[in-house]
Amino acid sequence: MNPIEQEIIQLTADLNRHNYNYYMLDAPVISDYEFDQLLHKLQDLEKQHPEFMQPDSPTQRVGGTVTKKFETVKHVYPMLSLGNTYSEEELVDFENRIKTIVNQDIEYACELKYDGLAISIQYENGVMKRAVTRGDGAQGDDVTANVRTIPSVPLRLQGDDYPDFFEVRGEILMPFARFEALNHEREDIGEPPFANPRNAASGTLKLQESAEVARRGLDFRLYYLMGENLPFPTHYDCLMKLKSWGFRVPDVLQKAQGISQVIDFVHFWDTERKTLDFPIDGIVVKVNDFALQQQLGMTAKNPRWAIAYKFKAEKQSTPLLSIDFQVGRTGIVTPVANLSPVPLAGTIVKRATLHNAEVMAALDIREGDHLFVEKGGEIIPKIVGVDIDKRLPNARPVPFITVCPECGATLVKNEDEAGTFCPNELHCAPQIKGRLEHFIGRKAMNLDSLGEGKIEILFERKLVKTVADFYDLTYNQLLGIEKKFPAEDGKAERIVSFREKTVENILAGINNSRTVPFERVLFAIGIRYVGETTAKKLARHFKNIDRLSSATKDELLEVNDVGDRVADSIIDFFNNPENLEIVIRLRNAGLHFELTEEEATPIANILEGKSIVVSGVFSISRDDIKKMIEQYGGKNVSSISKNTSYVLAGEKMGPEKRKKAESLGVPIISETDFYKLIGK
C-alpha cells in the first residue's frame, strides 16, 4: 500500500475514534488543539492526494461541499407520518384498537417527540452511505454532504456485529442555545431571526454550503432502526444496541406496561420538557415488539402500532388592529401586527412579528381579521393563523408595502433572501440610527454612556449623522441639550438631559473607545452580514483594514464562514466612497484598524482545549476576561453543557446557570481561581 494512503487511513481512523470519545462517550483523551492539528494534517494530505480520501473522512465534518441542487431519492422503506392526538382518551382508544387485533397485554416504548426535521440515514458495511429527508414519504432530498457535518452522526460504525445494510430514522434539530446564538447573529447583521428551532434546523439542512451547516451546530436524535437481520426482536433493545455501534441513543426512552404507564410518562414530560436544552412538541408511543408491529401493520398513511401525543400550545384569537412596517439597521423591512391585547402564557400580548412578505402572503391576512396567536416555545408571541370564521365579507388583503415608509425609496427583494429591504442605507433615518446604536453597543465600541435615547437626540439635532461624527463632538455642543420622551408601552414619561456630568461621561467613553481592538471596531462599523464572530475571523485572517479592504473575492472566501454573500457585501462596502470616508475619519480619530502583535499571538496555551462560560461581575470588564481566555488558548462559549470545561463565576452569577453547572458536574471557578489557572 502507498505510504501516503496508509497515513491517510490511519489518521482517519484515529480522528474518528477521538470524535467518538468526545461526542458519544463525553471522554476526550486529547485536547481540542491536538485534534485540530491532526485534522489539519489530514486535510493537507487529502488536498494533495484526493484519490486516497476515505468515505468516512472526518474532514467532511467541517464541510466545504457546495450543493447547487439536492437530488431526489426514493426511500428504501417509506417514511410514513404518525397519527396525532392531543387527548388521553384517544391514547386509551389507541390501545383498544390494538387489542381488537392482538388480544394480549401490550408493552410500549415511550420516547420524546423531537421538534425538528425527519431524516433517514443509510449504512452499508459499517459506513454511512446516504442521508435523505422525509419529503413526501416515498422520496426525499439527498442531503448527505450536510448531514456528514453533524458530529452526532457516526461516519463509520464501531464493532463488527451490525447488519450489512440498515437505516436509522431520526430527527435533525437545533438545540436552544445554538438557536438563540444563531438568531442573535442574524439580528446583528440585519437578517430576520428564525421563528423557532424547527425552522432553523430545516433551513440549515437545506443550505448549499456544507461549511455553514457545520458552523450552525445541528444535532441528530435517532428514534428507529430499520433493516433485515436486526439484533433484537424489540424496538427498545435495538435502540440500546445502537450505542455499541457508535450512535448517541436517546437520553429519554422508557418501557411502559399498558397505556396507564404511558399516560404517567406523558404527564411527567408535559412539565419536565421545560428543563430540556432541545425542542420537543410531544411524546411518541410505539408497540415495543417488532412481531406485533408487523401483525398490526399500516393504514394508507400511518402505522397502526405507533401514535404521537402532542402537547398543546396555548393559543388565542384576537382582532388585528393594524400593521406597522419597521425598517431595521440593515434596511430589512419587518411587518409587525398590532393586536387587541390578549392574555397568553402569563403575559399580555399586544404585538407580534409577521416576519416578511412571504409569511404575510402565506397567512393571507386581510383587513379586520382576527388572528390566532400563540407563544413559540412559551417565550415569543407568534401569529399562527387567521380565524376565518370571524372574517368580514369582502375583506381586502393587506398588501406588503413597495416603498420605504421612512425615506420613500423603492424597496428591493433579492431572489435568494426572504426579507425585503430599503437600499437607501446611507440616507434612510432608521438605518442611520440603527448603525449608530449598533456602533455604541456593548459588543462593539461599548459606549454605554450614550444609551437611553441620547442617540435619537443627537441624530435629531444633526450632531451625529455617521459613526465618525461621535469623535468630533465637543463639550459645548452637548451641554444643556434636553428632550422629553412621552409615556408609551407602560413606561412613564421621561426627560433626558445633557448635564455636566453626563457630558463628561459621554466624552470620556468616546475617548476610551479608542482602545477597542480591531475585531470589535470591524464589527462596529456595520458591514452587512458581518456579525461578531465573522468580524473576529476576518480581523485575525487579514490583520489590518488595508488588506481586508483590498481583498479579492477569492481571498475573502478563504476565511472560514465567509461565503459568497458575505464576500460580496464586504466588497460592496469598501467600494462605496462614503463608507471609505467614514473608515478614514475613524482611523484619523485614533481607532484600531489592525491587530497588535499581542492580539495576533496567543500568550500561552494553558487553556488549550478548554471551553469556558463567563457569568457574573468581575474586578475587570467581562470583555477583558474573555480576551484573556482567548489569549491563553481557551474558547469562550455562551451556554453551559456537559462539554463545558469551567464556569468562571463572578459576583451576582445567575442562579439558573449555577444550578445547571452543578447538575452537570461542571467545575465552577472564581476570578482568583482563574488567575491561578493561567499563572497570573
Side-chain angles (χ1 to χ4, degrees), residues 11-12 15-16 18-20 22-24 28 32-33 35-44 46-47 53-68 70 116-117 119 121 128 130-131 133 141-156 170-175 177-186 189 191 194 197 200-221 248 278 529 531-534 536-538 540-541 556-567 609 611 635 637-639 641 643:
L11 278 170
T12 299
L15 286 162
N16 282 335
H18 291 311
N19 263 328
Y20 176 75
Y22 186 90
Y23 289 105
M24 307 304 172
D32 288 354
Y33 177 78
F35 182 92
D36 289 341
Q37 293 299 104
L38 292 175
L39 185 64
H40 291 150
K41 184 177 182 180
L42 179 59
Q43 286 174 318
D44 290 341
E46 288 177 343
K47 189 179 292 185
M53 179 186 284
Q54 300 299 296
D56 60 331
S57 172
T59 60
Q60 295 172 82
R61 296 286 194 201
V62 298
T65 303
V66 176
T67 307
K68 294 300 182 185
F70 294 100
L117 182 75
I119 198 80
I121 307 177
M128 179 188 164
R130 177 174 281 167
T133 62
D141 290 331
D142 186 333
V143 290
T144 306
N146 287 346
V147 170
R148 286 186 191 278
T149 69
I150 301 173
S152 46
V153 175
L155 302 181
R156 182 182 289 276
E171 205 89 356
I172 303 294
L173 54 82
M174 182 170 287
R178 283 301 309 142
F179 171 69
E180 292 168 6
L182 177 61
N183 266 354
H184 181 70
E185 290 173 13
R186 290 173 69 84
I189 61 179
E191 291 190 345
F194 286 110
S202 178
T204 296
L205 196 63
K206 298 302 287 289
L207 290 173
Q208 293 182 335
E209 296 181 17
S210 60
E212 175 64 13
V213 178
R215 189 188 72 81
R216 290 195 180 180
L218 294 176
D219 199 0
F220 170 65
R221 302 294 170 119
R248 179 191 292 169
F278 54 86
Y529 305 129
E532 181 187 3
T533 302
T534 304
K536 184 177 292 188
K537 291 181 178 180
L538 288 167
R540 293 180 181 179
H541 183 88
L556 289 166
L557 291 174
E558 291 176 5
V559 182
N560 190 24
D561 293 347
V562 172
D564 287 334
R565 186 174 59 172
V566 176
S611 297
K635 179 181 178 183
V637 292
S638 58
S639 58
S641 72
N643 295 321

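Hydrogens, waters and symmetry mates play no part in the numbers below; they use all other heavy atoms, side chains included.
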Task: Under the side-chain contact (heavy atoms from CB on, under 4.5 Å) test, residues paired with Ala181 that sit two or more places apart - done: Arg178

Task: Residue list, side-chain contact (heavy atoms from CB on, under 4.5 Å) with Lys537, at least two apart or on another chain - done: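 In terms of side-chain contact (heavy atoms from CB on, under 4.5 Å), with neighbours along the sequence ignored, Lys537 is linked to Thr533, Val559, Asn560, Asp561.
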
Could you tell me whether a side-chain N or O of [X] sits under 3.5 Å from a main-chain N or O of [Y], the two making a donor and an acceptor?
{"X": "Ser202", "Y": "Leu117", "result": "no"}
{"X": "Thr133", "Y": "Ile119", "result": "no"}
{"X": "Asn146", "Y": "Leu207", "result": "yes"}

What pairs with [X] under side chain to side chain donor-acceptor pair (under 3.5 Å), at least two apart in sequence or on another chain?
{"X": "Arg215", "result": "Glu185, Glu212"}
{"X": "Arg156", "result": "Asp56"}
{"X": "Glu46", "result": "Ser57, Thr59"}
{"X": "Thr534", "result": "none"}

Taking every non-hydrogen atom, the tightest pair across [X] and [Y]:
{"X": "Gly563", "Y": "Glu209", "value": "CA-OE1, 3.7 Å"}
{"X": "Phe194", "Y": "Phe179", "value": "O-CZ, 3.6 Å"}
{"X": "Gly170", "Y": "Phe220", "value": "CA-CE1, 3.6 Å"}
{"X": "Leu205", "Y": "Phe70", "value": "O-CZ, 4.3 Å"}
{"X": "Leu15", "Y": "Pro58", "value": "CB-CG, 3.5 Å"}
{"X": "Leu556", "Y": "Ala567", "value": "CD1-O, 3.7 Å"}

- [ ] Please list, chain by chain and in numerical order, all residues satisfying salt bridge (Lys or Arg N to Asp or Glu O under 4.0 Å) with Asp141, sequence neighbours excluded.
- [x]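 Partners of Asp141 by the salt bridge (Lys or Arg N to Asp or Glu O under 4.0 Å) criterion, ordered by chain and then number, come out as Lys206.
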
- [ ] Output the distance between atom OG1 (Thr12) and atom CG (Leu38), rounded to the nearest 0.5 Å.
- [x]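 The distance works out to 11.0 Å.
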
Open item on the list: Distance check, rounded to the nearest 0.5 Å: Leu182 atom CG versus Met174 atom CE?
Closed with: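 Rounded to the nearest 0.5 Å, the CG-CE separation comes to 5.0 Å.
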
Open item on the list: If you define the side chain from C-beta out and look only at heavy atoms, does anything of Val562 sit under 4.5 Å from Leu538?
Closed with: yes

Open item on the list: Side chains of Met128 and Thr144, heavy atoms from C-beta outward: is any pair under 4.5 Å?
Closed with: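 Result yes, sub-4.5 Å side-chain heavy-atom pair found.
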
Task: ring-ring contact (aromatic ring centres under 6.0 Å, His included) involving Phe278 - partner list, sequence neighbours excluded - done: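 Only Tyr114 meet the ring-ring contact (aromatic ring centres under 6.0 Å, His included) criterion with Phe278.
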
